[in-house]
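Quick caveat: nothing in here was measured; it's all calculated off a predicted structure.
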Amino acid sequence: NSTIDAGHYSTSGFGETLGINQQSQSSLNLSTVHRCITLISNIVAAIPVRVVRWNSSTGYETIETHPVSYILTYCSNPSSPRDPLTLPSFVWKQTAMAQLLASGNSCMPLFRNKDYKPVGLKLAANPASCTPKKQQRDPLRYYEYTDDYARLSYLTTEDVLHLRIHATDGFIGQSPIIIGASSMGITHNAEKRSNTMVKNGRPEGFLQFPQIVHSDQKKEIREEWRKLHMNPDEYNVGILSGGADWKQYGFSADA
């Protein structure tokens, strides 16, 4: 499991909890990737986030009185700033960005008061604690949230501050690291396949005989042909006897 420290919280277990394949998961285990995520998270966490609105006279203006403004600017729970679970704005933004880069999603449940105004948000150490879901038939979007007491609940889109990246469906994001690792994996597989094809000297055609060739004769001819053309250390000359002819078929190595 990859672990990225962010203050006294950590984002761990991305591959296992999100079902990432082994090849892509290995990219998250690189120390260079860890350092890049930490660097980007620290930079983004230092950028101030404001709630703004459009004013026809003055243009965009900051709304300091909006409840969410206090959450984005100061701490995760302005109503109880001395609560030990309350995170400074820098810390929760740092951890959220680390989760966003590693999993493509950072979901933070909102806490509301009796007037339905947001008074705080919860940022879990494990990104799998709050995961976006979508029904197969009905395009209903919701979240599965597991609290600190392992109690499962279902939240609506109005109850979660969901940051996402590369969301092809507009809802569930994808990690840019995983996308990059997958594209590099495809390129590596193509190069490996081309190298194997050239090294093994794969013939692009068939041996054609004027007479019927029995199964045991086919086996013997095939084994001799493999010894001749699949030896990377020697270059031999092929000999066709008994009226055998070569018919070109297939695609070339350049293709």
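Listed by first and then second residue, the salt bridge (charged side-chain N to carboxylate O under 4.0 Å, His left out) pairs involving residues 72-89 amount to none (not counting sequence neighbours).
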Going by atom type alone, with no hydrogens or angles, which donor-acceptor pairs under 3.5 Å involve a side-chain atom of residues 62-74 and a protein atom two or more places apart or on another chain?
unit_1	atom_1	unit_2	atom_2	d
His66	ND1	Val68	N	3.1
Ser69	OG	Ile63	O	3.4
Thr73	OG1	Ser69	O	2.7

Please report, to 0.1 Å, the donor-acceptor pairs under 3.5 Å made by any side chain of residues 151-159, with sequence neighbours excluded.
unit_1	atom_1	unit_2	atom_2	d
Arg151	NE	Asp147	OD2	2.8
Arg151	NH2	Asp147	OD2	3.0
Ser153	OG	Tyr145	O	3.4
Thr156	OG1	Glu158	N	3.4
Thr156	OG1	Asp159	OD2	2.9
Glu158	OE1	Tyr116	OH	3.2
Asp159	OD2	Thr156	N	3.3

Just distance, no hydrogens or angles: give the donor-acceptor pairs under 3.5 Å from side chains in residues 49-58, sequence neighbours left out.
unit_1	atom_1	unit_2	atom_2	d
Arg53	NE	Glu61	OE2	2.9
Arg53	NH2	Glu61	OE2	3.3
Asn55	OD1	Ser57	N	2.8

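The side chain to side chain contact (heavy atoms under 4.5 Å, CB included) check on Leu163 picks up Ala96, Leu100, Ser106, Met108, with sequence neighbours excluded. Partners of Lys219 under the side chain to side chain contact (heavy atoms under 4.5 Å, CB included) rule, at least two apart in sequence or in another chain, are Glu223. Residues satisfying the side chain to side chain contact (heavy atoms under 4.5 Å, CB included) criterion with Phe209, sequence neighbours excluded, are Leu207, Gln211, Val213, Ile221, Ala244. Applying the ring pair (Phe, Tyr, Trp, His ring centres under 6.0 Å) rule to Phe171 yields the partners Tyr143, His162; only residues at least two apart in sequence or on another chain are considered. Looking at residues two or more places apart in sequence or on another chain, you find a salt bridge (charged side-chain N to carboxylate O under 4.0 Å, His left out) between Lys134 and Asp169.
Side-chain contact between Pro176 and Leu101 is present, with at least one heavy-atom pair separated by less than 4.5 Å. Inter-residue side-chain proximity for Cys130 and Val160 is flagged as met; some heavy-atom pair is nearer than 4.5 Å.
Chaining together hydrophobic side chains whose heavy atoms lie under 4.5 Å apart leaves Leu140 on its own. Hydrophobic cluster membership for Ile212: none, as no Ile, Leu, Val, Met, Phe, Trp or Tyr side chain comes under 4.5 Å of it. Phe90 forms part of no hydrophobic cluster, judged by ILVMFWY side-chain heavy-atom separations under 4.5 Å.
Shown here for Arg112 and Pro118, the closest heavy-atom pair between the two residues is NH1-CD, 3.7 Å. The shortest non-hydrogen separation linking Gly120 to Pro78 is CA-CD, 4.5 Å.
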Quiz item: Run the side chain to side chain donor-acceptor pair (under 3.5 Å) check on Asn105 and Gln99 step by step: do they pass?
Solution: CA-CA 6 Å; Asn105 298 276; Gln99 294 181 356; over 6 Å; no
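Atom OG of Ser103 and atom CD1 of Ile177 lie 9.5 Å apart (nearest 0.5 Å). With values rounded to the nearest 0.5 angstrom, Cys107 atom SG is found 10.5 Å from Lys133 atom NZ.
Taken together through direct or relayed side-chain contacts under 4.5 Å among Ile, Leu, Val, Met, Phe, Trp and Tyr, Val91 and Ile40 form part of one hydrophobic cluster. Val44 and Leu123 fall within the same hydrophobic cluster, defined by Ile, Leu, Val, Met, Phe, Trp and Tyr side-chain heavy atoms under 4.5 Å apart, directly or through other members. Residue Ile165 is grouped with residue Ile37 when hydrophobic side chains (ILVMFWY) are merged at heavy-atom distances under 4.5 angstrom, including chains of intermediate members.
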